[in-house]
Each structure stands twice: as structure tokens, then as C-alpha cells.
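The structure appears below as C-alpha cells.
Small disclaimer: the values here were computed from a predicted structure and weren't measured. In what follows, chains carry the letters A, B, and so on, assigned in the order in which the sequence lines appear, proteins first and then strands, with residues in each chain numbered from 1.
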Amino acid sequence: MIDLKELRENPDRFRNGVRDKCMDVDIDRLLALDEARRAVLMRQENARAEQNRIGKESGARMGQLKGKLKSASDAEKPQLERELAELEAKPTALKAQVHECEVEMAQIEPQWKALWMQVPQPPAQDVPKGKGSDDNVEVRRWAPPGFDFAKTFAENRGFTPRTHLELVKMHGLVDFERGVKMAGTRHYVMCGLGMRLHQAVLRYAVDFMADQRGFSPMGVPVIVKEECMIGTGFFPAGREQAYHIEESARGSGHDLFLTGTGEVGLMGIHADEIVPAESLPLKYCTVSTCFRREAGAAGKDTAGLYRIHQFDKVEQVVVCRADEQESRAWHAQMIQSVETILQSLGLAYRLLQCCTGDLGVKNEDMIDIESWMPGRGELGRDGAPTGAFGETHSASRLGDFQCRRLNLRYKDETGKLRFAYALNNTVIASPRVLIPILEMHQQADGSIRVPEVLRPYMGGIAQIG
RNA sequence: GGUGGGGUGGCAGAGUGGUUGAAUGUACCGGUCUUGAAAACCGGCAGACCCUUUCUAGGGUCUCGAGGGUUCGAAUCCCUCCCCCACCGCCA
């Protein structure tokens, strides 16, 4: 969430942020609610202060009188009662005042809070303006030696590619029918070498981050309380995307939600903490199963491993000092890690600077990495797909938006408490990344060459089929 | 699932209706002492929010698991919920 003080001082920054992100949050209404809230708060606090003052002044006397009253004779009672009533008159009136304020507050506060939570982090200055993914700007692209983006797959490799769907069927790597039988649409069963490849990719990515980049691997909950979802910024906006375990409906416990990314568990670790400044930057990675309802995506990418309800992902996060330059440096490093991995897997990819309209509520800067998938895209003259980029990674800078929500702080050199800056990036998401791996490494006969870096994780197997 | 015991400041641990945001210990920070350290002694040591401000402070409200209630006044009494611990049962 955003800093309310900053909103009051510089509302235009947030008005523009909302506009540039093509969102609809009424900043002026929030400002009005905020002002109303503070007015009520002030009245309430003044009444309370007076109440407390009187309590200190004559509280003891009141207690005394009450005590006396119990053992008082009938003759003494009226006098005592009178004094007591006199003493109680003022605080009783104040009590009513406080209650009045509470009632008003109960009106204002929920609206104020709800609206506040919706205000997005404004995009960084240098993020290109745009309406949606069509306005994203390509930063650079890379292809393995011998692969030229200007040519078709057939021209590059000398044969027409099979789609990953054909390849997994051919080698029995994935069983969609039985996945659907058990769990419905967008579910699948990973089989044999398919499962091994899936695991190999994940293990390789975790080991890379731990060994080559010094990130601490963590195992985190994938079913979490609502606070974690709100704290990490996925709720309220993304509520429809998350599976909801409604324990409350059973009359016990609290509701839980399945996380759609390891980011939730990783960032939740230090929620409500003041971490030692020396411990920054925190560099964590995790491999976790991710669950997504894909609400609103009906009919989109229905076939294959591209858009599924359950997958596994290695995620990396960095929590660093509240310093934009440092955050940018980490962003670059996290992206570089991914590029190293993709290159070692022999995949072709491009980096896209996402435009303002393609950003979510919580990020101020986002780079998407799309891998080339030869089996995707329009059909060519020969009836085979012409290939297309498909998003496999997303690297975000969140400023202090997420840590503010999570209440994750550190003490800076001057002793001031500050909300840390957060970043996150996919390391590898599988099985989606198996699509480019299978399609890029297929041979003319349909067999698949296993990228060398994965072989140690597959018992040395170099080829599938 | 059953029974019992608990949730108070970084930790430990008092406190059962009225200057208790909270004793005490300990940890931590600063100082004195010391060649240095330890010990001892002195001082400091929660956070959020609101208001004012000569931009450095000052004032106020809230917070003792969470929420609600009783009361002039709640850490303390009542209700609901959550969590933790121990033992038993069940179980991957």
C-alpha cells in the first residue's frame, strides 16, 4: 500500500499513477474520506483525553464513594449518592461523545481502508506509458548459436517442428486425459521422463540460485492466511485468482488460500518484523507448487502445458534497503540470473519492458521475459505453427509498496525505521518452461536432446526418444 | 478428536478494577571506572496514529493474542474467536 502522508502532500503523483496504470481508483474520494476520518479521530481523541484526565483526577474518589455507599447507613446514602452522581456526570457525557465518534468512524473507516488498499504503486518515472501488453517495449533478445529469429524454425533447423503437445504424446511425458479425469480441465499428469525433466529443471534452478548467486533456499507454506495474500499485495485485486479453503464454513479455524506463487511465502516470512539492517539484503528463493484459478481466462490457451491450474515454480525475492539505485541494481542482477539460466538451457528469449498499463497494483517497474516457443503462434502456409514468444518469467520492482503492507521494516543508519524495498522474479516455472525446452531441442525424428546442464539431474540421460 | 495449561515489552517474568505503557530480571545501546576487557555503578531502551511546530521538538490517543461487551474508569470482569504448549487417541 502507499504512504498516506505522501498521498496528502502529493496527490497528483498517485492520480497520475492510477491513470498511467489504466486503473480506476478514486483518489479524491480517498482524500475526502481521509480528511473526514481525521476530523472524527480528533474529536474522539480530545474527548478521550478529557475523560482520562477526569479519571486520574477523581477516579479514586469515585471508587471510595462507591465503597462507602455499600456500608453507609440510610441517612448517609443520599449525600454520598449526590456526590457520586456529580462526579460521574461529566465523564458520562464524554462517554456518549466518544461513542458517537465510534459510530461515525465505523461508517468511514471500512471505506477509507478499502479504497486505500486499492491505490496502486505509481510506475517508476522511466517506465514507458502505454495501455497494455501491446505497448510493451522490447529491450533485447538472445538466441542460441545457430538460431536466427529472422528465419523460421524449419529454415534454422532443416525440419518442421512438432508442438510440445505432439512431443509429450509421442514420448509419453504428460497424460492430459487422466489429469482431467481426476481434477478437471487444465490438469495433467506428469509421467516418467516428463516428470524427471520437470524435476531436473527445478532442481537445476534452485541449485543455481543457491550455489551461484548465494540465495537462501526456503520451503514455505503454499496455503496461507488471508493476511499473507493482502500483505503481499495479491488481495484484494487478485482474490478471484486464488483457491479459497473455506475452513470457516466448517465452523472451525480460519480460511486459507492456496498461493499462486512462492513470492507470498517468501515475503511473508518477515512480515511484522523489524529486521536488522545488517541482514539486508535478504535473498531468498523457493520452489513451490503454485495454484491459479485462471478465472477470466476461459477458452484461452486451453491445450497443453501453457496455462494450467497447478504448476511448480522456483521464485527469487530480494528485500533491500529503501534505495532506488540499490533496488535497480538487484533487479538487473535477478534478470541476469534468469538470462544465464535460459542461455544454459539453450532457449531463445526476449526481454520486454512492461509499459505502465501492463503493471499490476504493486509494482513500479516490471520486465517480462518471453521464451521462444516454436509450436506456438499462427499456422504457416505449411500448416505448422510459425512460433511465438510466450511469457515464462516476470521480474518486478515493488518499491516499499509490499513491505509497507507486510509491515516489514529495518532501522537505518540514523535509527529511523523504514520500510524495505522488495523485488521478485521467476527463476523457472515448470512445466511451462518445458514447452520451449522440448520444442527447441527436438530433433527431426522427434527425439529430444536433453540440455547438458539438466543431465546430471536426470541420471545422465542425454536424449528422450 | 479428547483432557488439561497458557498467550503481558527482544527474551524471562510480576501484575485480578483507578497516575500500570506496565514492577523486576536479563539482553541491547551510551557513559563512568580500567592499560584493555570483565565486574560494578549511572543513564537510555516499543510501536502505530493524530494535532501543533521556530523542523526540532512538544502535546494527545491507541496497543498486555484478536474482536465485542460491562464500567465514570479494564492487562485485570463477561462473551466470542484465534493461536501455542503438555498428555492421550488417530495417522502420512
Side-chain angles (χ1 to χ4, degrees), chain A residues 1-9 30-70 80-110 112-113 116-117 219 221-228 230-231 245-257 268 270-279 289 400 403-420:
Chain A
M1 70 195 148
I2 55 129
D3 185 355
L4 274 182
K5 279 184 199 135
E6 209 190 329
L7 176 77
R8 286 173 208 139
E9 280 160 23
L30 176 57
L31 285 167
L33 283 167
D34 182 56
E35 207 173 311
R37 193 189 83 97
R38 279 183 296 151
V40 175
L41 196 65
M42 236 204 296
R43 268 195 291 139
Q44 191 181 35
E45 286 186 0
N46 287 339
R48 274 256 161 76
E50 180 68 2
Q51 212 176 18
N52 289 343
R53 199 185 58 72
I54 293 170
K56 278 181 189 169
E57 209 173 77
S58 46
R61 177 70 187 149
M62 283 188 250
Q64 242 176 28
L65 287 171
K66 274 201 175 160
K68 273 190 191 172
L69 207 51
K70 276 181 197 156
L80 292 171
E81 273 166 356
R82 206 173 315 122
E83 195 186 337
L84 194 60
E86 220 168 272
L87 284 172
E88 283 181 354
K90 212 171 188 184
T92 305
L94 285 167
K95 192 186 178 183
Q97 251 181 59
V98 169
H99 182 72
E100 236 172 71
C101 292
E102 274 168 0
V103 170
E104 276 183 65
M105 200 54 113
Q107 279 286 323
I108 298 166
E109 198 141 35
W112 168 78
K113 188 81 191 280
W116 181 17
M117 296 306 274
V222 295
I223 61 178
V224 301
K225 296 182 190 168
E226 189 170 12
E227 290 95 290
C228 287
I230 293 172
I245 302 173
E246 209 171 2
E247 284 297 287
S248 61
R250 294 180 160 177
S252 75
H254 47 249
D255 284 9
L256 292 160
F257 296 86
H270 296 288
D272 292 316
E273 286 184 25
I274 297 169
V275 301
E278 317 83 79
S279 70
T289 302
D400 68 359
C403 290
R404 188 181 292 280
R405 279 202 187 214
L406 286 165
N407 195 25
L408 195 173
R409 294 171 295 172
Y410 70 96
K411 211 173 255 180
D412 72 9
E413 310 73 29
T414 66
K416 208 183 147 202
L417 289 173
R418 308 203 56 170
F419 292 105

request  = Could you tell me which nucleotide pairs with B:rU34 by Watson-Crick or G-U wobble geometry, both distances under 3.5 Å, or answer none if nothing does?
outcome  = none

message = Roughly how many Å apart are B:rA12 and B:rG68, using the P atom of each and rounding to a whole number?
response = 28 Å

task = Take A:Glu50 and A:Arg53 through the salt bridge (charged side-chain N to carboxylate O under 4.0 Å, His left out) test and state the conclusion after the steps.
result = CA-CA 5 Å; A:Glu50 180 68 2; A:Arg53 199 185 58 72; 3.1 Å; yes

P-based separation of B:rA38 from B:rG5 [nearest Å] = 46 Å

ask   = Can you check whether A:Arg48 has a side-chain N or O nearer than 4.0 Å to OP1 or OP2 of B:rG60?
value = no

query = Of all the nucleotides listed (B:rC72, B:rG47, B:rC50), which has the minimum atom distance to the side chain of A:Lys5?
reply = B:rC50

task = Could you tell me whether A:Leu417 contacts a base, only the sugar-phosphate backbone, or nothing, with contacts defined as non-hydrogen atoms closer than 4.0 Å?
result = sugar-phosphate

query = Counting just side-chain N and O atoms, does A:Asn52 come under 4.0 Å of either OP1 or OP2 of B:rU61?
reply = yes

message = If you compare every side-chain N and O of A:Arg38 against the phosphate oxygens of B:rC49 (OP1, OP2), does one of them come in below 4.0 Å?
response = no

Contact under 4.0 Å: A:Arg43 side-chain N or O vs B:rC50 OP1/OP2 = no

query = Rounding to the closest angstrom, what is the interatomic distance between B:rU70 and B:rU53 at atom C1'?
reply = 41 Å

request  = Would you mind telling me which of B:rC50, B:rG73, B:rU61 lies closest to the side-chain atoms of A:Leu41?
outcome  = B:rC50

query = How far, in whole Å, is B:rC82 from B:rU20 if one measures between their P atoms?
reply = 35 Å

task = Verify the contact: side-chain N or O of A:Arg8 to OP1 or OP2 of B:rC50, cut-off strictly under 4.0 Å; return yes or no.
result = yes

task = Any strand is fair game: report the nucleotide pairing with B:rC81 by Watson-Crick or G-U wobble, both distances under 3.5 Å, or none.
result = B:rG65

request  = Sort out the partner of B:rC91 for me: Watson-Crick or G-U wobble, both distances under 3.5 Å, none otherwise.
outcome  = none

query = When you compare B:rG21 with B:rU61, how far apart are their C1' atoms, in angstrom units rounded to a whole number?
reply = 13 Å

task = With the side chain of A:Met42 defined as its heavy atoms from C-beta on, choose the nearest nucleotide among B:rU61, B:rG47, B:rC51.
result = B:rC51

